[in-house]
Amino acid sequence: MAEPIPDVTLKFPMQLEKVYEPQRFEPHWAQWWIDSGIYRADAKQAMEGHAFSIVIPPPNVTGSLHIGHMFEHTMMDVAVRWRRMAGAVTLWLPGTDHAGIGTQMVVERHLRTEGLTRKQLGREEFERRVWQWKEEYSGRIKEQIQREGASVDWSRERFTMDPGLSRAVRETFVRLWDKGLIYRGEYMVNWCPDCQTAISDLETVHEAVEGHLWHVRYQVTGSSESIVVATTRPETMLGDTAVVVHPGDPRYLHLHGKTVTLPLMNREIPVLADPIVDPKFGTGVVKVTPAHDPNDFEVAKRHGLPFIKVIGEDARMTESAGPYAGLDRFEARKRVVAALETSGELVRTEPYTVNISKCERSKTIVEPLVSKQWFVRMKPLAAKAMEAVRSGRIRFVPDDREALFFQWMENIRDWCISRQLWWGHRIPAWHCRNCGRMTVAREAPATCPNCHSTELEQDSDVLDTWFSSGLWPFSTLGWPDDTEDLRAFYPTSLLITGFDILFFWVSRMIMLGLEMTGDVPFREVHIHGLVRDAEKQKMSKTKGNVIDPLVIMDRFGTDAVRIALLLSAAAGADIALKEDRMEAGAAFANKIWNASRLLFLNMERSGVHGCPDGHVGCLSELAATEDHWVFDRLNRAIETVNRALALHRYHEAAQTLWDFVWREFCDWYLEVKKLRFRENSGSDAHWQATLTIYETTLRLLQPLMPFLTEELWQRLMHGAAENAQRPKSISLAAYPTASLDEAEPERVRAFELLQQVVTSARELRADHKLEPKAKLQATLSRTAFSKDELLAIERLANLEVMQQAQTTNARQGVIRSTPHFDLQIHANASGDKVRIVKEIADLERAIVQKETRLNDPNFNARAPESVRSKEREAYLAYKAQLQKNRALLEGLE
RNA sequence: GGGCGCUUAGCUCAGCCGGUUAGAGCGCGUGCCUUACAAGCACGAGGUCGCAGGUUCGAUCCCUGCAGCGCCCACCA
């Protein structure tokens with residue numbers, strides 16, 4: 001096991017380097033977290049206690065991680081670290097996805113640079129190459145995840161094509177097949193001529209492009225009459241086998257049952273009636289190309305029309321296209337149009353916007369083709385999934401994403417799961433070369449169950465990559481075996497992922513999880529937004545606006561990037577990531593570092609070594625006013641942070657911590673404490689309170705900034721006495737709950753007054769542009785300040801506090817007054833009244849508002865008493881302050 | 001064609017159940033190298049909460065309409 005602290009810091013744990021350099025310790029802790037095995041989940045323990053489990057959305061092994069992954073991982077890590085510290089037995093399971101089509105394409109592209117194609121290599125050799133690629137990239141991804149500080153359990157790392165997960169895939173396939181939920185058949189699918197495979201509906205993107213609507217005349221057989229059909233794809237007419245009209249369309253009633261001659265092909269095709277036709281669109285006559293249009297496919301099946309395939313898998317015209325055979329589909333279109341023009345059968349051409357489907361990956365226009373594919377029947381699966389969400393067994397965060405989920409589920413269509421690729425899970429079906437019979441089985445059968453031939457060949461198709469990802473929450477835990485892990489950690493507690501894969505992945509996990517395990521795969525789904533660039537543009541390699549997480553982690557430190565991402569992460573919202581965010585994050589980390597440096601320096605000076613044992617969280621009788629105040633503020637922060645984390649409001653947690661640490665702990669608490677350090681009055685009691693606050697704050701920050709807090713906490717603990725109870729990492733210590741001692745309200749109030757006096761003095765000094773070093777004299781009407789508090793006021797505001805006003809003539813002084821104290825600052829100031837005048841105006845406005853409200857009988861009759869009394873109180877306070885300000889103003893005039 | 005979301009300070013965005021004079025970061029202005037931090041400190045300027053109605057004692061928040069922007073889904077030739 002590695003040493004918990006780098007050697008150099010071991011020697012001088014309390015001497016922080018002057019400059020915050022996260023690069024010095026972040027890699028060290030990342031490594032130690034792995035070597036020490038502290039994030040390894042214990043299934044036995046989990047079954048006894050409270051478990052919290054989460055699986056990583058497996059990144060594709062196509063390449064390295066981008067900033068969106070880091071955003072997602074950071075939120076997951078915060079969730080996991082928080083639950084871990086809160087006492088849950090946690091499992092965060094890491095892994096990667098084989099990403100069938102995506103990986104195959106990048107490897108093929110890579111091969112092309114070597115002048116090779118996959119066909120030249122052959123299937124076996126190609127698969128070997130892809131495995132090589134996978135090894136390289138999953139290794140890179142692993143390093144990146146470690147660098148992010150993700151507290152995953154590497155002993156449970158999985159890959160979608162691991163033997164165990166492959167077994168889960170076959171098990172699922174066979175069960176669905178046996179239930180009749182998987183079928184195979186000739187249907188119309190989206191065919192990508194570039195990828196040379198069928199793709200699912202989800203893998204296509206729609207795009208509106210400017211095209212044409214060509215009107216073509218078809219001659220009615222044995223008549224001088226002709227009809228005109230409109231088409232956006234004239235090349236497909238070569239495969240027409242009918243034209244249809246609406247059954248009730250009076251214009252064409254007399255043509256029902258007649259035939260027309262298909263131009264160019266001189267084929268007789270029937271005129272049919274079908275309600276699919278909209279009589280109001282175009283001419284009300286539609287050509288039917290059963291083999292190349294999804295609508296026409298349905299029509300043809302209803303009417304038993306023949307299918308003529310005129311476009312092949314390579315997007316070139318087939319032999320059936322007669323003279324056009326061999327031409328590319330777009331070239332064929334040109335020639336067909338030209339031919340129709342020549343023959344006079346093209347009546348007219350009009351511009352028309354057409355919706356085309358493109359392959360999401362290759363951007364090639366998808367060709368609807370009839371081919372033999374495997375499908376999953378979705379309706380029955382979707383019904384169960386919707387029920388699980390409706391009943392609340394799965395909750396969405398933010399919950400408006402549910403609408404999206406239902407919208408898709410309600411209109412779900414069968415899922416084409418077969419791909420004509422080489423990289424992926426082979427479909428567990430074997431075809432007998434002898435009798436032709438197909439066998440679906442978990443393992444390769446030795447002989448054909450029908451004819452006992454040994455001439456069996458496995459189906460060459462592979463499964464859609466999402467088929468295996470859909471099993472991820474349970475296949476990774478050992479399913480279909482009833483493993484300890486499965487019992488301990490399934491259903492998983494939470495899934496954090498992007499909306500872009502809600503349908504691809506989340507929905508399928510829900511459906512397959514319910515079907516295979518009988519339980520939901522996760523109880524909560526947090527759908528986050530997209531990380532965009534500073535101009536809110538989507539990041540993409542082609543735009544060149546991609547932010548590489550490794551680069552910015554090197555530059556700013558991981559904690560800084562984490563806090564920057566978290567601060568931007570309003571639930572579900574996209575974030576525009578600017579560099580200044582990360583600079584601010586680094587500044588925050590630097591602030592914490594330096595605050596620690598101040599404390600550590602003074603601990604050494606006071607002879608205090610490390611964190612004191614015992615009575616942590618207590619406010620002793622000797623605790624000072626500022627201790628009471630900061631206990632109060634920290635308790636509030638603890639409460640807010642815990643609530644925010646429970647609701648996945650990471651930005652709120654981050655913001656709360658930021659404000660507490662910077663605006664309260666550093667700006668006020670440490671500033672006052674510095675005075676005590678100077679006086680060398682830091683008694684043990686003071687240190688106890690100070691270190692309690694400090695150490696608790698580190699723990700509160702830990703889930704968000706694990707590296708920095710680990711480094712500081714280890715140093716703090718290193719100097720302290722050994723304690724068997726002490727966990728070996730801050731990430732295993734208890735998360736703060738609002739259980740610190742209650743601060744005394746009177747003393748909290750006293751500190752707030754102190755702040756007001758100090759701030760007022762600063763305002764006046766700035767307003768009157770006084771010499772920064774000029775000491776001012778002040779008289780405080782409130783006498784309740786203790787000696788210590790007066791000292792703090794004097795020092796922080798650079799004031800000399802007088803027993804009473806030195807002059808009764810306010811004209812010589814500058815005065816500031818609040819309802820709670822009067823402050824006269826005597827100086828040779830010009831007596832600028834601007835501030836008082838402005839404040840009087842503000843107060844008058846507020847008072848009018850209050851008066852109107854308080855005088856409104858309806859308000860008095862209907863508003864709750866709690867609101868009314870608050871309003872009255874506020875009104876009186878304004879009134880009092882206004883009077884004082886007026887008096888002051890008079891005095892100045 | 002359906003559905004969803006957004007519009008708050010110069011910029012990026014918070015604002016949970018409607019209730020004191022609406023917040024943060026960055027940027028901007030002024031003054032400070034105050035022995036933790038110039039990656040800092042202090043002080044400040046800056047908002048008719050998209051527009052128009054409505055509900056309510058009370059609306060940035062709820063409802064309706066409008067305008068602008070964005071996203072998702074979709075087999076009208």
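Chain A is the first sequence line, chain B the second, and so forth, proteins listed ahead of strands; every chain is numbered from 1. Since this is a predicted model, take the numbers as computed values, not measurements.
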Rounding to an integer number of Å, can you tell me how far H648(A) NE2 sits from C16(B) P? 18 Å
Give one of base, sugar-phosphate or nothing for P864(A), where a contact means two heavy atoms less than 4.0 Å apart. base
Classify the nucleic acid contact of V19(A) as base, sugar-phosphate or nothing, counting any heavy atom under 4.0 Å across all strands shown. base
May I ask you to evaluate whether R597(A) reaches the phosphate of U35(B), defined as a side-chain N or O under 4.0 Å from OP1 or OP2? no
Among G19(B), A74(B), C16(B), the one nearest any side-chain atom of R649(A) is C16(B)
Below 4.0 angstrom from OP1 or OP2 of C26(B), is there any side-chain N or O of K578(A)? no
NA contact type, N590(A), heavy-atom cut-off 4.0 Å: base, sugar-phosphate, or nothing? base
U55(B) and U12(B), which share atom name P, separated by this distance in whole Å: 36 Å
What does W662(A) touch in the nucleic acid at a heavy-atom separation under 4.0 angstrom: a base, only the sugar-phosphate, or nothing? sugar-phosphate
Closer than 4.0 Å, any side-chain N/O of R581(A) to the OP1 or OP2 of C13(B)? no
D559(A) side chain to L708(A) main-chain N or O, any donor-acceptor pair under 3.5 Å? yes
Say whether, by atom type as modelled, one donor and one acceptor occur between the side chain of T204(A) and the main chain of S200(A) under 3.5 angstrom. no
base_contact_polar (C26(B) base, D580(A) side chain, donor-acceptor, <3.5 Å): no
Heavy atoms only, 4.0 Å cut-off, all strands: where does V277(A) land among base, sugar-phosphate and nothing? base
Does K674(A) make a side-chain N or O approach to OP1 or OP2 of U34(B) shorter than 4.0 Å? no
Does the side chain of H651(A) get closer than 4.0 angstrom to OP1 or OP2 of A14(B) through an N or O atom? no
At under 4.0 Å between heavy atoms, what does R663(A) touch on the DNA or RNA strands: base, sugar-phosphate, or nothing? sugar-phosphate
Pairwise C1' distance for C69(B) and G50(B), with rounding to whole Å: 11 Å
For U8(B) and U48(B), measure between their C1' atoms and round to the nearest Å. 12 Å
Closest approach of H215(A) to V228(A) (non-hydrogen atoms, all atoms of both residues): CB-CG1, 3.7 Å
For A42(B), the Watson-Crick or wobble counterpart (both distances under 3.5 Å): U30(B)
Any side-chain N or O of Q407(A) under 4.0 Å from OP1/OP2 of C4(B)? no
Between P on C71(B) and CG on D500(A), what's the gap in Å once rounded to a whole number? 14 Å
When you compare C71(B) with C63(B), how far apart are their P atoms, in angstrom units rounded to a whole number? 25 Å
What distance, rounded to whole Å, do you find between the two C1' atoms, one in A14(B) and one in C61(B)? 14 Å
Using a cut-off of less than 4.0 Å, is there contact between a side-chain N or O of Y352(A) and OP1 or OP2 of A77(B)? yes
Can you tell me, in whole Å, how much space there is between the C1' of G53(B) and that of C73(B)? 33 Å
Whole Å only: how far is the CZ atom of R532(A) from the P atom of C11(B)? 19 Å
Reckon K591(A) has a side-chain N or O less than 4.0 Å from the OP1 or OP2 of C41(B)? yes
Between C1' of A59(B) and CD of Q849(A), the distance in whole Å: 13 Å
Can you work out whether D400(A) or R413(A) has the more 5'-proximal nearest nucleotide on RNA chain B? D400(A)
What is the base-pairing partner of G65(B), counting Watson-Crick and G-U wobble geometry with both distances under 3.5 Å? C51(B)
Does A586(A) reach a base, just sugar-phosphate, or nothing at all? Heavy atoms under 4.0 Å. base
State the pairing partner of C4(B); accept Watson-Crick or G-U wobble contacts with both distances under 3.5 Å, and report none otherwise. G70(B)
Students often get this wrong, so: under 4.0 angstrom with heavy atoms, is A403(A) touching a base, only sugar-phosphate, or nothing? nothing
Heavy atoms only, 4.0 Å cut-off, all strands: where does L213(A) land among base, sugar-phosphate and nothing? nothing
Give one of base, sugar-phosphate or nothing for Y875(A), where a contact means two heavy atoms less than 4.0 Å apart. nothing
When rounded to whole Å, the CG to P distance for the pair D399(A) and C16(B) reads 14 Å
Sugar-phosphate, base or nothing in reach of Q655(A), heavy atoms under 4.0 Å: sugar-phosphate
So, N590(A) and N594(A): side-chain donor and acceptor under 3.5 Å apart, yes or no? yes
Check: E671(A) side chain, A36(B) base, donor-acceptor under 3.5 Å: yes
Any side-chain donor near an acceptor of the partner, D278(A) and H246(A), under 3.5 Å: no
Geometric cation-pi criterion R762(A) and W668(A), 6.0 Å radius, 45° cone: yes
E652(A) CD to A14(B) C1', in whole Å, measures 9 Å
How far does the P atom of C16(B) sit from the matching atom of A22(B), given to the nearest Å? 16 Å
Is the terminal nitrogen or CZ of R508(A) (NZ for Lys, CZ for Arg) located under 6.0 angstrom from the six-membered ring centre of W415(A) and within 45° of that ring's axis? yes
Heavy atoms under 4.0 Å, any strand shown: does A874(A) hit a base, just sugar-phosphate, or nothing? base
With rounding to whole Å, what would you report as the distance between U60(B) and C51(B) at their P atoms? 11 Å
Is C28(B) syn or anti, taking syn as a glycosidic angle within 90° of 0? anti
Pair F677(A) + W687(A): ring centers closer than 6.0 Å: yes
In the structure shown, which nucleotide is the Watson-Crick or G-U wobble counterpart of A24(B), with both distances under 3.5 Å? U12(B)
Take the angle between the ring planes of F405(A) and F396(A) and call it parallel below 30°, perpendicular above 60°, tilted in between. tilted
